[in-house]
Amino acid sequence: MSSYDENESKFIRKAKENPFVPIGMAGFFAIVGYRLMKMKSRGDTKMSVHLIHMRVAAQGFVAGAMTVGVLYSMYRDYIVKPREEQKAVENK
């Protein structure tokens, strides 16, 4: 296996473990791309203000995706796993 294949499989494995990381990345790039396209029609808004709003929106989306990802991980680790372990003990 080449190092390219190992890196690709590692990314796919990490994406399966934490599905909100690629969602956060995609949202970040979507917001930045949208705001860059809207830059032409920003009116008389200063460039710095427009860029600050773009940065805040993108960072807010990423922070929200990370928060949802942490909550999902906690749900999976503290609610789903104990139920599965309890059912396995009951079936023995």
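Because only heavy atoms are used, hydrogens play no part in the values below, and waters and symmetry mates are left out as well, while side chains stay in.
- Grouping the Ile, Leu, Val, Met, Phe, Trp and Tyr side chains by contacts below 4.5 angstrom, directly or via other members, places Val70 with Tyr78.
- With rounding to the nearest 0.5 angstrom, the OG atom of Ser48 is 9.5 Å from the NE2 atom of His53.
- When all heavy atoms of Phe61 and Ile31 are compared, the pair lying nearest together is CB-CD1, 3.5 Å.
- Annotation: side chain of Ser73 is not in contact with side chain of Phe20 (no heavy-atom distance under 4.5 Å).
- Grouping Ile, Leu, Val, Met, Phe, Trp and Tyr residues whose side-chain heavy atoms lie under 4.5 Å apart, directly or via other members, places Leu36 in a hydrophobic cluster with Phe28, Phe29, Val32, Met39, Met47, Leu51, Met54, Val62, Met66.
- Within the model, atoms CZ of Arg35 and NE2 of His50 stand 5.0 Å from one another, a figure rounded to the nearest 0.5 Å.
- Gly24 approaches Ala65 most closely through the heavy-atom pair CA-CB, 3.8 Å.
- Residues that satisfy the side-chain contact (heavy atoms from CB on, under 4.5 Å) test with Thr67, not counting sequence neighbours, are Leu71.
- Between the CD atom in Glu84 and the NZ atom in Lys87 there is a gap of 7.5 Å [rounded to 0.5 Å].
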